[in-house]
S.K.: 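Take this structure first; my questions come after.
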Amino acid sequence: MPWGRRGSRVRALEGGREEEAPPVISSVPSALLGQPEAAGEQILLRGIFEIGRGSCDVVLSERTLRWRPIQPEHPVGDPKFDLLRKEEFIELKDIFSVKLKRRCFSNQEGGTLLGITLFICLRKEQNKLKDSTIDLINLSEDHCDLWFIQFKKILAGFSNRPKSLKILLNPQSHKKEATQIYYEKVEPLLKVAGIKTDVTITEYEGHALSILKGCELQGFDGVVCVGGDGSASEVAHALLLRAQMNAGVEPDRLGTPVRAQLPLGVIPAGSTNVLAHSLHGVPHVVTATLHIIMGHIQPVDVCTFSTTGKLLRFGFSAMFGFGGQTLALAEKHRWMSPNQRRDFAVIKALAKLKPEDCEISFLPLKCSQDLQERRVQGSPKSDYTGQWQKVQGHFLNVSIMAIPSLCSVAPRGLAPNTRLNNGSMALIIVRNTSRPEFIKHLKRYASVKNQFSFPFVETYTVEEVKVQRKTSMSEQNLEEKHEPHETALENSFPWNVDGDLMEVASEVHVRLHPTLISLYGGGIEEMNESKATCNCL
Ligand SMILES: Nc1ncnc2c1ncn2[C@@H]1O[C@H](COP(=O)(O)OP(=O)(O)OP(=O)(O)O)[C@@H](O)[C@H]1O
């Protein structure tokens, strides 16, 4: 349903013949102030407009715009008439723009005024947002001006909404359609909302980072990335690096990093859109755009990845083992289509499945509220000692996630128990097992069954993790028997950090920093139960 309906009855105003411009009530009669339908709200304007196919009594109050069709007198209590006279309303916070509606003729300047158009944001199923319009028709210039000015005043009061945005667009994302997505779906909405934009099309990997390190960002209310996870994570990293530089914090000596100064919007246009999917519950371009326009802000936890005391990058999630090898294989076959190379890489990584000999140290979460919740759920007490713990052994995959990481192959998320800003990371360790058992575990991500209820899977809620890989002599001997290019890949220890490859030989230290960045997005109301789209398993 596009807008609300309420059953409370109001007395119909006189006048408003359909063939003429409806008469105008340009000021609020004092008797109407504080009427029951205003529910304690001050009425700002009341008048008659044609909405849909009939004349309506329209009331603008502090938080809502309500209207009720004007019907001829009829017997009180007749259900047929009562239904026709039902009140409808929208909340003013759902309006994102207002324009005077005119019919233009080629020889006429300005055109003939028809009324006012309101642009509104509607909540649809599965967390989607949709733009829509409501026309308030009235041919009187004075009447419309009065209402138009009032709507403008109301919109100006939403100070959290951006007025100017820096846009970074990766033309190479997915099947190179980010440019088309932006100019066809995003820019028209930003224009309607009156948001100024400054678009830079990136030319190479790392370009967004070098732009954001040096460019003037004063005057912008936010930065928007149009692309996939690799691009979004690069822009988030750049904003956070810039914040540290501005605050005089040396990136390599990050005690407590400072927050990013500007919010980041993510328009999903990549092969994987985990960040946008986790933020909005759905990787939907119009939804992402409307969250930006409406100024919905979502603080999000961020991790730092460092090695030997040096900051490697800021990010939201990481995998090594199977997750890292799969990305490394996919990147080597970028000439394939995104779906083809993903399926190919998964199958090839499964065929070459090999455990990593590692030592993982982690600091369990020590927040008392979380501690209680987890204890109620029956988690082992040993998770919550607040001291470093160590697990050692052969692992097929290790995931460290600060966000739930929703994606098409895992609609409930790769880490469904973590939240965008719950001050913790999920550490998911998959110990060595047979290939069929590991495949069973992977398949569970796409189903409603718990993917962690296997004896070889361990999950922890943590604040910090250190990962050290061990290489044995027997491994080196084995690798010598392979083809040279295959060996190179298998010798490497690739991390998948937000969809980007990161090669690190020494220990990697991952730390969580609660709500370090704000993203444009809304809370997820209900998880999208959509079907997984990966067919390769
Ligand atoms: N003009 C460009 N040419 C080549 N690479 C670019 C260009 N602009 C940006 N990049 C880099 O491309 C990488 C991947 O881009 P992006 O994440 O947007 O798309 P994707 O690979 O299709 O999606 P995903 O990372 O979600 O799988 C990013 O790390 C980014 O730095």
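All ligand and atom numbering here is 1-based and tracks the order in the structure. Residue numbers start at 1 and run along the sequence shown.
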S.K.: When you check the gap from the basic side-chain N to the acidic O, do D500 and R313 get nearer than 4.0 Å?
M.R.: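 Here D500 pairs with R313 in a salt bridge, since their nearest N and O are under 4.0 Å apart.
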S.K.: Quick check with a 6.0 Å cut-off and a 45 degree axis cone: is R469 positioned over the face of F493's six-membered ring?
M.R.: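 Checked: cation-pi criterion met.
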S.K.: Just verifying a value: how many Å separate T418 OG1 and L365 CG, rounded to the nearest 0.5 Å?
M.R.: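 Interatomic distance, T418 OG1 to L365 CG, rounded to 0.5 Å: 9.5 Å.
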S.K.: Any N/O of N273 closer than 3.5 Å to an N/O of ligand 1?
M.R.: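 No, no N or O pair falls under 3.5 Å.
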S.K.: Quick one: closest heavy-atom pair of A247 and V258, and the distance?
M.R.: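 Of all heavy-atom pairs spanning A247 and V258, the closest is CB-CG2, 3.8 Å.
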S.K.: In the protein, which heavy atom is nearest to atom 3 (N) of ligand 1, and how far is it?
M.R.: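 Protein heavy atom at minimum distance: Q172 CG, 3.2 Å.
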S.K.: Identify the closest protein heavy atom to atom 27 (O) of ligand 1: which residue and atom is it, and at what distance?
M.R.: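 Minimum-distance protein heavy atom for atom 27 (O) of ligand 1 reads T272 OG1, 3.3 Å.
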S.K.: For N273 and G227, which heavy atoms make the closest approach, and how far apart are they?
M.R.: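 The pair with the smallest heavy-atom distance is OD1-O, 3.7 Å.
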S.K.: Show which atoms of ligand 1 fall inside a sub-4.0 Å distance from at least one heavy-atom site of G206.
M.R.: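 In order of number, 31 (O).
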S.K.: Considering only the protein, which heavy-atom contact is closest to atom 21 (O) of ligand 1, and what is its distance?
M.R.: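 Looking at atom 21 (O) of ligand 1, the protein heavy atom closest to it is R334 NH2, 2.9 Å.
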S.K.: For ligand 1, is there an N or O atom under 3.5 Å from any N or O atom of G230?
M.R.: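 Such a contact does occur with ligand 1.
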S.K.: Mind checking whether E205 contacts ligand 1 via backbone (N, CA, C, O), side chain (CB onward), both or neither, at a 4.0 Å heavy-atom cut-off?
M.R.: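 Under 4.0 Å from ligand 1, E205 contributes backbone and side-chain atoms.
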S.K.: Can you see which heavy atom on A318 is nearest to which on W495, and at what distance?
M.R.: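 That would be CB-CE3, 3.8 Å.
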S.K.: Quick one: nearest non-hydrogen protein atom to atom 29 (O) of ligand 1, plus distance?
M.R.: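 Ranking protein heavy atoms by distance from atom 29 (O) of ligand 1, first comes D500 OD1, 3.5 Å.
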S.K.: With heavy-atom distances below 4.0 Å as the criterion, list the atoms of ligand 1 near E234.
M.R.: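 Close to E234: 29 (O), 30 (C), 31 (O).
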S.K.: For ligand 1, which atoms, with element, lie under 4.0 Å from some heavy atom of E203?
M.R.: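 Counting from 1, the qualifying ligand atoms are 1 (N), 2 (C), 3 (N).
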S.K.: Could you find the nearest protein heavy atom to atom 16 (P) of ligand 1 and give me its residue, atom name and distance?
M.R.: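 The protein heavy atom lying closest is S231 OG, 3.4 Å.
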S.K.: Considering the heavy atoms of S173, write down every atom of ligand 1 situated less than 4.0 Å from one of them.
M.R.: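 Answer for ligand 1: 16 (P), 18 (O), 19 (O), 22 (O).
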S.K.: How far is atom 1 (N) of ligand 1 from its nearest protein heavy atom, and which residue and atom is that?
M.R.: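 Nearest neighbour among protein heavy atoms for atom 1 (N) of ligand 1, to 0.1 Å: T202 O, 2.9 Å.
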S.K.: Considering only the protein, which heavy-atom contact is closest to atom 23 (O) of ligand 1, and what is its distance?
M.R.: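 Of the protein heavy atoms, S271 N, 3.1 Å lies nearest.
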S.K.: For ligand 1, which part of I201 has a heavy atom less than 4.0 Å away: the side chain, the backbone, both, or neither?
M.R.: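 Neither part.
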S.K.: Does the ring of F158 carry R161 above it, NZ/CZ under 6.0 angstrom from centre and within 45° of its axis?
M.R.: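 Verdict for F158: a cation-pi partner in R161.
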S.K.: Can you name the side chain to side chain donor-acceptor pair (under 3.5 Å) partners of S405, sequence neighbours left out?
M.R.: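 In terms of side chain to side chain donor-acceptor pair (under 3.5 Å), with neighbours along the sequence ignored, S405 is linked to no residue.
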S.K.: List the atom of I360, the atom of F320, and the distance in Å for their closest heavy-atom pair.
M.R.: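 Taking I360 first and F320 second, the nearest heavy atoms are CD1-CZ, 4.4 Å.
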S.K.: At a 4.0 Å threshold, what atoms of ligand 1 neighbour a non-hydrogen atom of G227?
M.R.: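 Per the distance check, 18 (O).
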S.K.: Let's go through L129 and L122 carefully: what are the C-alpha distance in whole Å and the side-chain angles of both, what is the deciding distance for side chain to side chain contact (heavy atoms under 4.5 Å, CB included) to 0.1 Å, and is it a yes or a no?
M.R.: CA-CA 6 Å; L129 300 182; L122 304 175; over 6 Å; no
S.K.: Please find the pair of heavy atoms, one from F220 and one from K166, that lie closest to each other, and give the distance.
M.R.: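 Residues F220 and K166, closest heavy atoms: CD2-N, 3.4 Å.
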S.K.: I'd like to check the salt bridge (charged side-chain N to carboxylate O under 4.0 Å, His left out) partners of R431; sequence neighbours left out, ordered by chain and number.
M.R.: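 Result, salt bridge (charged side-chain N to carboxylate O under 4.0 Å, His left out) vs R431: E458.
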S.K.: Can H174 be said to touch ligand 1, with heavy atoms closer than 4.0 Å?
M.R.: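 Under 4.0 Å: yes for H174.
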S.K.: Run the numbers for me: atoms of ligand 1, each under 4.0 Å from some heavy atom of G228, listed by number.
M.R.: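 By the 4.0 Å cutoff, the relevant atoms are 16 (P), 17 (O), 18 (O), 19 (O), 23 (O), 26 (O).
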S.K.: For atom 14 (C) of ligand 1, which protein heavy atom lies nearest, and how many Å away is it?
M.R.: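 Checking every protein heavy atom, the shortest distance to atom 14 (C) of ligand 1 gives N170 ND2, 4.0 Å.
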